[in-house]
Protein chains: 2
Amino acid sequence: MTTLSAAERRAAERIAYDAYLAACPARKLLDRISDKWVSLVLTALADGPRRQSDLARFLAGASQKMLTQTLRALERDGIVDRTVTPTVPIRVDYALTDLGRSLLPVIAAIKGWAESHLAEVECAQLAYDQANREPDAGRRSPGPARDQLAAVRNTG
Amino acid sequence: MTTLSAAERRAAERIAYDAYLAACPARKLLDRISDKWVSLVLTALADGPRRQSDLARFLAGASQKMLTQTLRALERDGIVDRTVTPTVPIRVDYALTDLGRSLLPVIAAIKGWAESHLAEVECAQLAYDQANREPDAGRRSPGPARDQLAAVRNTG
DNA sequence: CAGTATCCCCGGTGATACTG
DNA sequence: CAGTATCACCGGGGATACTG
């Protein structure tokens with residue numbers, strides 16, 4: 001049975017590749033900062049420390065669970081610093097560590113590219129969508145119409 | 001009924017925040033490049049064009065569906081260029097556009113930070129995990145033990 | 001106020017089979 | 001070879017209620 005089925009080969013390759021990815025530093029970081037709330041927390045803390053309730057107001061879209069979870073992960077990573085003040089109503093402050101601050105330029109780079117090039121991207125999207133707007137107009141399926149995925153077969 | 005329940009207020013805030021995020025360029029970009037395969041495709045194409053089958057080999061971990069889906073999204077964004085050669089066995093080549101190439105430095109920045117700082121992160125993680133290794137050793141719940149979530153209450 | 005545990009839903013992702 | 005459609009699974013993420 002040296003002849004593995006194509007499916008088996010593929011599965012093996014997937015596993016190996018997964019392992020490779022798991023070891024890739026850039027990927028780890030990307031996984032980190034791509035978390036929906038991470039970059040937002042980072043920018044929220046860029047100006048200075050904030051307490052949890054403050055962050056919660058600032059990041060109005062985050063559930064408390066997500067907020068805590070994100071902050072916790074960041075704390076574990078040494079990106080943010082968590083300070084508990086056991087007063088009567090407990091008070092917890094979060095601040096960026098040096099490591100966390102060193103990450104800000106990276107965020108800035110991302111932001112920078114986004115602000116200078118995203119217009120082009122959206123332009124390209126429009127053009128693309130137009131080019132694939134069901135050449136034989138008329139019967140536009142009124143239903144869900146996922147994306148124009150069905151319309152992709154190149155018109156040439 | 002000016003008095004909205006806290007839940008209602010929160011829901012409203014979430015919606016507003018979602019809208020805000022949806023408009024945020026940096027967020028859009030982040031959503032883009034944080035897609036599991038995007039950065040990998042980008043680096044795979046950094047050296048030059050490749051055909052789909054080539055990419056499929058290179059990105060062994062990606063299912064064909066994901067590969068196509070990713071490439072399609074990238075094409076729509078004007079990041080990659082798709083060239084179909086309708087020979088007998090069809091041939092499709094993908095290449096970075098100028099826009100796509102302009103994104104490489106951003107990826108490089110991420111990679112750079114990761115390679116120079118990730119050691120610190122992992123160090124911090126170790127320290128953190130150690131600090132929260134159930135102070136009262138002994139009864140280490142053998143079960144799932146999600147993370148040490150239960151052990152967080154600051155020890156002192 | 002800060003954090004945790006529980007439940008549940010939705011969407012992303014993979015596997016498979018089919019078209020051209 | 002390249003792409004699409006369908007199905008099924010799993011985990012992330014939100015809502016809620018409870019503790020200290």
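Chain identifiers are assigned alphabetically (A, B, ...) following the order of the sequence lines, protein sequences preceding nucleic acid strands; residue numbering begins at 1 within each chain.
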**Q** For the pair made of CG in A/Asp31 and C1' in D/dG12, what is the distance, rounded to whole Å?
**A** 13 Å
**Q** Once you round it to whole Å, what is the distance between P of C/dT13 and CG of A/Leu21?
**A** 13 Å
**Q** Between B/Arg14 and A/Val88, name the one whose nearest nucleotide on DNA chain D is closer to the 5' end.
**A** B/Arg14
**Q** Give the rounded distance in Å between these two atoms: CD of B/Gln69 and P of C/dG14.
**A** 9 Å
**Q** Strictly distance-based, threshold 3.5 Å: is any side-chain N or O of B/Thr85 a donor or acceptor partner for the main-chain N or O of B/Thr87?
**A** no
**Q** 5'-most contact on DNA chain C: B/Ile90 or A/Asp54, nearest heavy atom basis?
**A** A/Asp54
**Q** When you measure from the side-chain N and O atoms of A/Gln52 to the phosphate of C/dC1, is any distance below 4.0 Å, counting only OP1 and OP2?
**A** no
**Q** Would you say A/Arg82 places a side-chain N or O within less than 4.0 Å of OP1 or OP2 belonging to C/dG3?
**A** yes
**Q** Pick the nucleotide of DNA chain C nearest each of B/Ala62 and A/Thr68; which residue has the one closer to the 5' end?
**A** A/Thr68
**Q** Closer than 4.0 Å, any side-chain N/O of B/Arg51 to the OP1 or OP2 of D/dA2?
**A** yes
**Q** Starting at CD of A/Glu75 and ending at P of C/dA2, how long is that distance when rounded to a whole Å?
**A** 15 Å
**Q** Find the distance B/Lys65:NZ to D/dG3:P and express it as a whole number of Å.
**A** 15 Å
**Q** Salt-bridged, A/Asp31 to A/Lys28, with N to O below 4.0 Å?
**A** no
**Q** Examine D/dG14: is either OP1 or OP2 under 4.0 Å from a nitrogen or oxygen in the side chain of B/Tyr17? Give yes or no.
**A** no
**Q** Quickly work out the B/Leu59 CG to C/dT13 C1' distance and round it to whole Å.
**A** 16 Å
**Q** So is A/Arg51 actually on top of A/Tyr94's ring, under 6.0 Å and inside 45° of the axis?
**A** no
**Q** Of the nucleotides D/dC1, C/dA15, C/dT4, which one has an atom closest to the side chain of B/Ser53?
**A** D/dC1
**Q** Select one nucleotide: of D/dA2, C/dT4, D/dT4, the one nearest the side-chain heavy atoms of B/Val92.
**A** D/dA2
**Q** Between B/Thr68 (side chain only) and B/Lys65 (backbone N and O only), is there a donor and an acceptor less than 3.5 Å apart?
**A** no
**Q** To the nearest angstrom, how far is B/Gln64 atom CD from C/dT19 atom P?
**A** 16 Å
**Q** Thinking salt bridges, do A/Arg50 and A/Asp93 make one under a 4.0 Å N-O criterion?
**A** no
**Q** Starting at atom CG of A/Leu55, determine the distance to atom P of C/dG3, rounded to an integer number of angstrom.
**A** 10 Å
**Q** Can you tell me if the side-chain N/O atoms of B/Arg91 get under 4.0 Å from OP1 or OP2 in D/dA2?
**A** no
**Q** Could you go through the side chain to side chain contact (heavy atoms under 4.5 Å, CB included) check for B/Leu30 and A/Ile107 one step at a time?
**A** CA-CA 9 Å; B/Leu30 215 42; A/Ile107 306 278; 5.7 Å; no
**Q** List the steps and the verdict of side chain to side chain donor-acceptor pair (under 3.5 Å) for B/Ser39 and A/Arg27.
**A** CA-CA 9 Å; B/Ser39 56; A/Arg27 182 110 289 280; 3.1 Å; yes
**Q** Has the side chain of A/Thr70 got a donor or acceptor atom that lies under 3.5 Å from a matching backbone atom of A/Val38?
**A** no
**Q** Using Watson-Crick or G-U wobble pairs with both distances under 3.5 Å, give me DNA chain D in dot-bracket, 5' to 3', with [ ] for crossers and | for pairs to another strand.
**A** ||||||||||||||||||||
